[in-house]
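Just below is one structure, and these are the notes that go with it.
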Amino acid sequence: MSSRIANGTRVVNGEGRGGGDFGEGTCILVTGGAGFIGSIVTLELLVKGLQVVVVDNCSNSYIAKGAEKPESLIRVEKLANGKTGKKKEVTFYLMDILEKDKLLTIFQEHNFFCVMHLAGLKSVGESVKYPLKYYEVNMGIATNLLRCMDQTGVTNFVFASSSTVYGPVPCEQLPITEEQPTGNCTCAYGRTKYFIEEMLKDCCRANPAAYDIVYGPVPCEQLPITEEQPTGNCTCAYGRTKYFIEEMLKDCCRANPVSRV
Ligand SMILES: NC(=O)c1ccc[n+]([C@@H]2O[C@H](COP(=O)([O-])OP(=O)(O)OC[C@H]3O[C@@H](n4cnc5c(N)ncnc54)[C@H](O)[C@@H]3O)[C@@H](O)[C@H]2O)c1
């Protein structure tokens, strides 16, 4: 089953470890849980009686020197205690998700039912200036998470995407619906979100027993191909990696038009 739970947020469900149970005590990994949306998600999960593990490097959230947890999560725990009348605690790891070996240790220590992936860089303007930073972090952490999930048998994944995957949408076409095509992005940030959505679809296609397919491949029958032919209509992960790299190179050229890649 797949659905959008909010504008730009895709949910991919599979028959993962823990089966279909989302009951009290279920353990959820929230990446970027110290951030703006992540802290609210963490609060909601705690109040519902779920166990929450947060991984965050606090690059965009505040942790006091020597403190065990970021300020936002200390407040989240207080609010959850107040709302439930029970002692609620978040397990917190101050860690960069780019460090895959450390991340895998966390997956091995906990029996995650689901990963809610909210960590990442999110500034449109910054991504235009520093595209490689966005590709390295956003693509790198998503890939590391999916690898760790694969290695430990976790298959439920909620991804905070972005409405930038749709690109500019004319006013008369608002509000954006599920049917609106994605990929018409105008910045590197949007493209990282779009590419991660495509990566998720490839994972679903490769392992339909564990994940459900989000969309089928679109065949490309038009030949011969000219330079003007649109790219991106790929039918396999290999083709998509090549297309993504082409787009990344274009972003680098746009950010630094003096140097040609
Ligand atoms: N805020 C919005 O309006 C909005 C809209 C659409 C999509 N999103 C997406 O939702 C997600 C959360 O957004 P937000 O507004 O809460 O952002 P945020 O910056 O407040 O939270 C992101 C968290 O991720 C952490 N982080 C960044 N890189 C990391 C890394 N390499 N390893 C570990 N932690 C890392 C940051 O420290 C931060 O706490 C983002 O992925 C964003 O792209 C946000």
Side-chain angles (χ1 to χ4, degrees), residues 4-12 28-45 52-65 67-77 90-107 112 114-128 130-149 157-169 174-176 178 180 182 185-197 199-200:
R4 282 183 183 274
I5 54 170
N7 194 8
T9 307
R10 186 183 299 287
V11 184
V12 181
I28 313 284
L29 171 63
V30 181
T31 74
F36 172 51
I37 299 175
S39 53
I40 295 162
V41 168
T42 301
L43 173 62
E44 290 297 315
L45 294 173
V52 186
V53 174
V54 167
V55 176
D56 200 305
N57 67 357
C58 291
S59 57
N60 200 32
S61 39
Y62 175 71
I63 186 164
K65 211 172 170 199
E68 273 182 20
K69 281 175 194 167
E71 206 61 44
S72 58
L73 292 183
I74 294 170
R75 272 186 248 138
V76 160
E77 286 177 342
V90 180
T91 305
F92 176 71
Y93 294 94
L94 180 62
M95 206 202 80
D96 196 314
I97 301 167
L98 285 173
E99 294 185 66
K100 186 176 166 279
D101 290 345
K102 282 192 192 168
L103 185 67
L104 184 60
T105 312
I106 294 169
F107 270 80
F112 294 130
C114 175
V115 175
M116 293 193 171
H117 180 37
L118 302 153
L121 303 177
K122 62 165 187 181
S123 161
V124 168
E126 191 190 42
S127 83
V128 173
Y130 307 108
L132 280 180
K133 183 177 168 185
Y134 274 68
Y135 283 103
E136 185 178 28
V137 173
N138 287 0
M139 299 303 295
I141 63 179
T143 311
N144 282 354
L145 279 167
L146 290 170
R147 263 268 173 249
C148 289
M149 287 172 65
F157 192 72
V158 178
F159 172 54
S161 190
S162 163
S163 57
T164 54
V165 298
Y166 298 105
V169 178
L174 292 174
I176 298 169
E178 188 78 9
Q180 202 89 20
T182 55
C185 319
T186 56
C187 65
Y189 164 68
R191 257 181 291 278
T192 63
K193 294 291 186 184
Y194 168 64
F195 294 164
I196 294 165
E197 288 202 4
M199 184 163 70
L200 289 172

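Whatever order the structure lists ligands and atoms in, that order sets their numbers, starting from 1. Predicted model only: the values in this text are computed from it and were never measured.
With hydrogens and angles ignored, the 3.5 Å screen pairs a side-chain donor or acceptor of Asn138 with a backbone N or O of Leu121. In this structure, Asn144 contributes its side chain and Leu98 its backbone to a donor-acceptor pair below 3.5 Å. Under the 3.5 Å distance criterion, the side-chain polar atoms of Glu77 are matched with a main-chain donor or acceptor of Val90. In this structure, the side chain of Thr31 engages the main chain of Leu118 through a donor-acceptor pair within 3.5 Å.
Each of the atoms 30 (C), 31 (N), 32 (N) of ligand 1 lies under 4.0 Å from some heavy atom of Asp96. Here is the list of ligand 1 atoms found below 4.0 Å of a heavy atom in Met95: 32 (N), 33 (C). Close approach to Ser59 involves these atoms of ligand 1, each under 4.0 Å from a residue heavy atom: 26 (N), 27 (C), 28 (N), 36 (C), 37 (O).
Distances between N or O atoms of Asn57 and those of ligand 1 include at least one value under 3.5 Å. Considering both main-chain and side-chain atoms, Gly32 never comes within under 3.5 Å of ligand 1 through any nitrogen or oxygen pair. Looking at ligand 1, you won't find any N or O of Ser163 less than 3.5 Å from one of its N or O atoms. Residue contacts with ligand 1: Ala34 is placed with no nitrogen or oxygen under 3.5 Å of a nitrogen or oxygen of the ligand (distance criterion only). The N/O atoms of Leu121, backbone and side chain alike, include none that comes under 3.5 Å of an N/O atom in ligand 1.
When non-hydrogen atoms are compared, ligand 1 lies under 4.0 Å from the side chain of Ile141 (C-beta onward) but not from its backbone. Contact annotation: for Ser161 versus ligand 1, heavy atoms closer than 4.0 Å belong to the backbone alone. Within the 4.0 Å heavy-atom criterion, the part of Cys58 lying near ligand 1 is the backbone and not the side chain.
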Apply side-chain contact (heavy atoms from CB on, under 4.5 Å) to residues Leu174 and Ile176 and explain how you reach the verdict.
CA-CA 5 Å; Leu174 292 174; Ile176 298 169; 3.9 Å; yes
Step by step, would you call Phe107 with Leu145 a side-chain contact (heavy atoms from CB on, under 4.5 Å)?
CA-CA 9 Å; Phe107 270 80; Leu145 279 167; 4.0 Å; yes
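With sequence neighbours left out, Glu126 forms a salt bridge (Lys or Arg N to Asp or Glu O under 4.0 Å) with Lys133.
Phe157 and His117 have tilted rings, their planes meeting at an angle from 30° to 60° on a 0 to 90° scale.
In the candidate list Asn138, Val54, Leu98, Leu118, Leu118 is nearest to atom 12 (C) of ligand 1, counting heavy atoms.
Within the 4.5 Å cutoff, no side-chain heavy atoms of Phe195 are placed close to those of Cys185.
For Lys193, the closest heavy-atom approach to ligand 1 falls below 4.0 Å.
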